[in-house]
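What follows is a single structure, written as structure tokens, with notes after it.
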Amino acid sequence: MIDIKKLRDEIDHTGKILLTRGYELNKELFLSLDDQRKTLQLSVEELQSKRKKLSNDFGKIKSSGEDTSSLKIEIDTINKELKVKDELLQSVLISLNDFLLDIPNLPNDNVPLGSDETDNVVVKKCGEITSKNKIDHLEITNDIDTDLAAKLAGSRFSVLKGDIAKLQRALISFMLETAIKNGYQEFYVPYMANSESLKGTGQLPKFEEDLFKTTDNLYLIPTAEVPLTNIHSNDVIDEKDTPVKLTSHTPCFRSEAGSYGRDTKGLIRQHQFEKIELVQIVKSQNSMDSLDDLLSNAEEILELLELPYQVVELCTGDLGFSSSKTYDIEVWMPSQAKYREISSCSNFSDFQARRANIKIKSDDKKELAHTINGSALAVGRTLIALLENNYDGKKNINLPKSLVPFFGSEVVNISN
RNA sequence: GGAGAGUUGGCUGAGUGGUCGAAAGCGCCUCCCUGCUAAGGAGGUAACUGGGUAACUGGUUCGAGGGUUCGAAUCCCUCACUCUCCGCCA
């Protein structure tokens, strides 16, 4: 949620900024709602104040045994008017809140302008593309079985077998250990979240169709960002405890509504995938440094895995709803001969903190925190990048040496 | 699944219809006393939010939502969560 005061005071400027990311601010609607709010609120509060005084008088008069009937009539009149105005006020407040919840975050000043992903900026390329492999992971091994998964659950799921399943487990351990080494505290969290939590991080109310909802009104988490960030919802964090650095491995569940026909083959786009998430909660003045820090933590995984990748800065038009600045990390996928997203690292400024009510206290001053998160990394995509980049054309996948201790061997048996 | 007890300020905890945003204690802050420390004394100390340049001044909040009432922390209903006992279970 953006700052309503800023919206009020700098509405034209804010509208312009929002337009750079493709959001058309309905200025008239906002000004009219806010104006109604002000008028109604003043009048409701005045009536409440009057009633409070008169009700006090009522008590005194009654205890002295005198007649209260005329006073009651007066209070009844106030209550009638109050009821009408308060109901109006509540409905205006709801509309105003809905309006605010729908507005995306403001892009940071230095985010490149652009309308869609073609305007994103490649910041750097790292690692050398050496693989001559052309075939994709499904052809490399039969141990990624999407047919079997279809029998068990449906499309966009997968079953991993044998060494491939073990490799995924090794990647998870490796990534978590790297995060811990970098100062993140590991968490095991619920894989379902309530609507409050999802509202806090910005998935609700606008993107409900992207989520799986359970029969008792919980949602399967689309990312560990949701539980990790909300660990500190409604908290006031002491400055000396910042930066707060959290990590968790979780499965992630996404309905992929609206992505029919995209990446239908293989592990790229699944309803369920494993991810290690990094979250930082920091003071506002440090947040861009923290984003760089978190980005480097994610890049480190790719470096240790010796996978070629590039870092892309998203332009204003391609930013996610809650983000003020995002770097995507894209790994080289030989079978597609292009870079594919494997991590997205974002600074949400105070957008999530305002929704989730996360504050930081320093010298008696309390201010909204800034939240930063990113994947380090999406495990399924890392797995296939590893398979495709390291496939020797015969039957072996040679592992980078940093992964060997976690996998327990240098070669993955792909069994076909 | 069954039975019961709870949820009040930073913390402990009192309050069962008005003078209660709320006793008392702890903690914290300021001052006094003191060579220092300890002890002691005096005072202060909730959050959120509206209006106002400000001084200031309103409102809301006692788990959440609804109801009764002129008036609700207090009475009634619904829900969430916590704890205890029994059962069951990884």
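Within every chain, numbering begins at 1; the chains are lettered A, B, ... in the order of the sequence lines, protein sequences first and strands thereafter.
Only the P atoms considered, B:G9 is 13 Å distant from B:A23, to the nearest whole Å. B:G17 and B:G4 are spaced 28 Å apart, taking the C1' atom of each and rounding to whole Å. Taking atom C1' on both nucleotides, B:G67 is separated from B:G58 by 27 Å, rounded to a whole Å. Taking the C1' atom of each, B:U12 and B:U7 are spaced 15 Å apart, rounded to whole Å. Remark: the separation of the P atoms in B:G27 and B:C76 is 38 Å, to the nearest Å. One C1' atom belongs to B:C62, the other to B:G10, and the distance between them is 16 Å to the nearest Å. For B:C89 and B:A5, the C1' atoms lie 25 Å apart once the distance is rounded to whole Å. Taking atom P in both B:A14 and B:A55, the straight-line distance is 39 Å, to the nearest Å.
The shortest distance between the side-chain N/O atoms of A:K52 and the OP1/OP2 oxygens of B:U60 is below 4.0 Å. Taking 4.0 angstrom as the limit, A:N79 places a side-chain polar atom (N or O) nearer than this to OP1 or OP2 of B:G71. The phosphate of B:G18 has neither OP1 nor OP2 within less than 4.0 Å of any side-chain N or O from A:S55. When the side-chain nitrogen and oxygen atoms of A:K366 are compared with OP1 and OP2 of B:C48, one or more of them lie within a distance under 4.0 Å. For the OP1/OP2 pair of B:G18 and a distance below 4.0 Å, the side-chain nitrogens and oxygens of A:R51 include no atom meeting the criterion.
In this structure, A:D86 places its CG atom 20 Å from P of B:G58, rounding to the nearest Å. The separation between A:L47 atom CG and B:G51 atom C1' is 16 Å, rounded to whole Å. Atom-to-atom, CD of A:Q90 to C1' of B:U49 comes out at 13 Å; the value is rounded to the nearest Å. Atom CD in A:Q48 sits roughly 12 Å away from atom P in B:G71 (whole-Å rounding). Taking atom NZ of A:K60 as the reference point, atom C1' of B:C20 lies 14 Å away to the nearest angstrom. In this structure, A:R37 places its CZ atom 12 Å from C1' of B:G59, rounding to the nearest Å. The distance between atom CD of A:E196 and atom P of B:C81, rounded to the nearest whole Å, is 14 Å. Atom CG of A:D35 and atom P of B:G50 are 15 Å apart (whole Å).
A distance below 6.0 Å separates the ring centres of A:F351 and A:F321.
Counting heavy atoms from C-beta on, the side chains of A:K206 and A:L101 never come closer than 4.5 Å. A:I4 is listed as a side-chain neighbour of A:L96, based on a closest heavy-atom distance under 4.5 Å. For the pair A:L302 and A:I342, the minimum side-chain heavy-atom distance is below 4.5 Å. Within the 4.5 Å cutoff, no side-chain heavy atoms of A:N133 are placed close to those of A:N389.
A:D57 comes within 4.0 angstrom of no nucleic acid atom, judged by non-hydrogen atoms across all strands. Residue A:K38 is classed as a sugar-phosphate contact, given heavy-atom separations below 4.0 Å to backbone atoms only.
Taking a pair to require two hydrogen-bonding distances under 3.5 Å in either a Watson-Crick or a G-U wobble arrangement, B:G87 remains unpaired. Judged by Watson-Crick or G-U wobble contacts below 3.5 Å, the nucleotide B:G71 has no partner. Remark: B:U82 base-pairs with B:A5; criterion is Watson-Crick or G-U wobble with both hydrogen-bond distances under 3.5 Å. For B:C31, the paired base is B:G41 (Watson-Crick or G-U wobble, both distances below 3.5 Å). Base-pair partner of B:U12: B:A24 (Watson-Crick or G-U wobble, both distances under 3.5 Å). Pairing partner, B:U53: none, since no Watson-Crick or wobble contact has both distances short of 3.5 Å.
Counting non-hydrogen atoms of other residues, nucleotides and ligands closer than 6.0 Å to NZ of A:K16 gives a total of 12 or fewer.
Closest to the side chain of A:K359, from the set B:C48, B:G50, B:G18, is B:C48.
Annotation: cation-pi pair A:K72/A:F58 absent, no NZ/CZ under 6.0 Å from the ring centroid and within 45° of its normal.
If you check distances only, the side chain of A:E45 never reaches the base of B:G59 with a donor-acceptor pair under 3.5 Å.
Projected onto RNA chain B by closest heavy-atom contact, A:V44 and A:N56 fall at different nucleotides, the more 5' of which corresponds to A:N56. The 5' end of RNA chain B is approached more closely, in terms of each residue's nearest nucleotide, by A:G59 than by the other of A:K72 and A:G59.
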